[in-house]
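So the structure is just underneath, and the comments pick up after that.
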Number of protein chains: 2
Amino acid sequence: MFSKTSQYTLRALVYILLENSKGRNPGFREIAREIDSPAEFTGKILQDLARKKIVSSAKGKHGGFFLTEAQRQISLRTIIEHIEGENIFQSCGFGLKYCDAANPCPLHEEYATIREQLQQYMNSHTISHLAFQTDGQRIYLKREAL
Amino acid sequence: MFSKTSQYTLRALVYILLENSKGRNPGFREIAREIDSPAEFTGKILQDLARKKIVSSAKGKHGGFFLTEAQRQISLRTIIEHIEGENIFQSCGFGLKYCDAANPCPLHEEYATIREQLQQYMNSHTISHLAFQTDGQRIYLKREAL
DNA sequence: TTTAAAAAAGACATTAATATCTTTTTAAAA
DNA sequence: TTTTAAAAAGATATTAATGTCTTTTTTAAA
């Protein structure tokens, strides 16, 4: 349901945070290799996210990408909204510009409920939540096959 | 979250069913006008759906589109899957090919739950459910502004 | 101060989604 | 049997998403 760009973004940011916590700032080639995404395209995405202050970057030798403490607090919702647009979590399932409880499209009720749940989750979780799961599961960012 | 094609499809099919129940088989130009979608493109979509037996069509004078009794029983899920592909309701939010309860992506748990709900709803509802709401709400298919 | 390694920027290429236009086929009715 | 109104088919255009390649800028270290 999310675009490739959103998926690469989430995978990349989780990888960056995991490496940061080992004291490393990975470059985009390494990131792309480890999350299995096209390198140059991933570079472009990160460049974009850096412009939007969602991730930080350092140029030059020993440069790379990293998340500041503040950036680790950014909600998944904010991140995704920067990519997919402001109303990804509000837009009508039927594609109507104006669709609300008073004047609903035929899909409104159920769709709104489900959409709200996703929004709620994305609102209350961060890249840190994704990177440091409490259930001890190992993190898969790359797996193409078993 | 659904593509334009899926949105036009749902709107068009609801309109067709509403007109059918008045004894009419609308043509694609009328449909497009009433659901506010690009006419030729809507024609193409309906042509496609007709090939896939999701909607029926009659050529020639007094031709148009209609839903048979059997077609009125097709689930929204089946319809959407024909457009978006078989695994729209199963695919991983992170974009990983293999992602399951045993080897989950960081987003798996919550995302799977929400996705299941949408799937469940689409599985158990049809165009008839959308067209003939029980709550007496009037149906908006076109509304661009209030 | 030169070199090396990194992101940033810019230009371009490819693919998929969306959209339009024209011609052909079909079938009902005049 | 001709006319008319419809879908079907085919060709093409446009736009947005995805992806690649090359050059420039920046910074640390040798």
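Chain letters run A, B, ... following the sequence lines, proteins first, then strands; residues in each count from 1. Values below: all heavy atoms of this structure, side chains included; hydrogens, waters and symmetry mates excluded.
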Along DNA chain C (nearest heavy atom to each residue), the more 5'-positioned of A:N25 and B:T5: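 Nearest-nucleotide comparison on DNA chain C picks A:N25.
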Find the distance [X]:[atom1] to [N]:[atom2] and express it as a whole number of Å.
| X | N | atom1 | atom2 | result |
| --- | --- | --- | --- | --- |
| A:K4 | C:dA16 | NZ | C1' | 10 Å |
| A:F2 | D:dA17 | CZ | C1' | 17 Å |
| B:D48 | D:dG10 | CG | P | 13 Å |
| B:I31 | D:dA8 | CD1 | P | 11 Å |
| B:R11 | C:dT18 | CZ | P | 13 Å |
| A:K59 | D:dT23 | NZ | P | 17 Å |

What's the closest nucleotide to the side chain of [X] if the choices are [options]?
| X | options | value |
| --- | --- | --- |
| A:Q47 | C:dT20, D:dT18, C:dA9 | C:dA9 |
| B:F65 | D:dA7, D:dT18, C:dA9 | D:dA7 |
| A:F41 | C:dT22, C:dA28, D:dT20 | D:dT20 |
| B:S3 | C:dT18, D:dT20, C:dT26 | C:dT18 |
| A:K61 | D:dG19, D:dA29, C:dA7 | D:dA29 |

hydrophobic_cluster_shared for A:I35 and A:F66, side chain cutoff 4.5 Å: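 No, A:F66 and A:I35 fall in different hydrophobic clusters.
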B:R72 side chain to B:L67 backbone, donor-acceptor under 3.5 Å: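 Yes; at least one donor-acceptor contact below 3.5 Å.
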Check: A:H82 side chain, A:I79 main-chain N or O, donor-acceptor pair, under 3.5 Å: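 The answer is no, because no donor-acceptor pair under 3.5 Å joins these two groups.
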Phosphate-side-chain proximity, [X] and [N], N/O vs OP1/OP2 below 4.0 Å:
| X | N | answer |
| --- | --- | --- |
| B:R51 | D:dA9 | yes |
| B:Y8 | C:dT18 | no |
| B:S57 | D:dA6 | no |

Ring-face cation contact, B:Y140 with B:R138, 6.0 Å cut, 45° max: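 Flagged: B:R138 positioned over aromatic ring of B:Y140.
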Ionic contact status for B:R29 with B:E40, cut-off 4.0 Å: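 Answer for the salt bridge query: yes.
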Donor-acceptor pair (no angle test) under 3.5 Å: A:K44 side chain, C:dA9 base: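 Donor-acceptor pair under 3.5 Å: yes.
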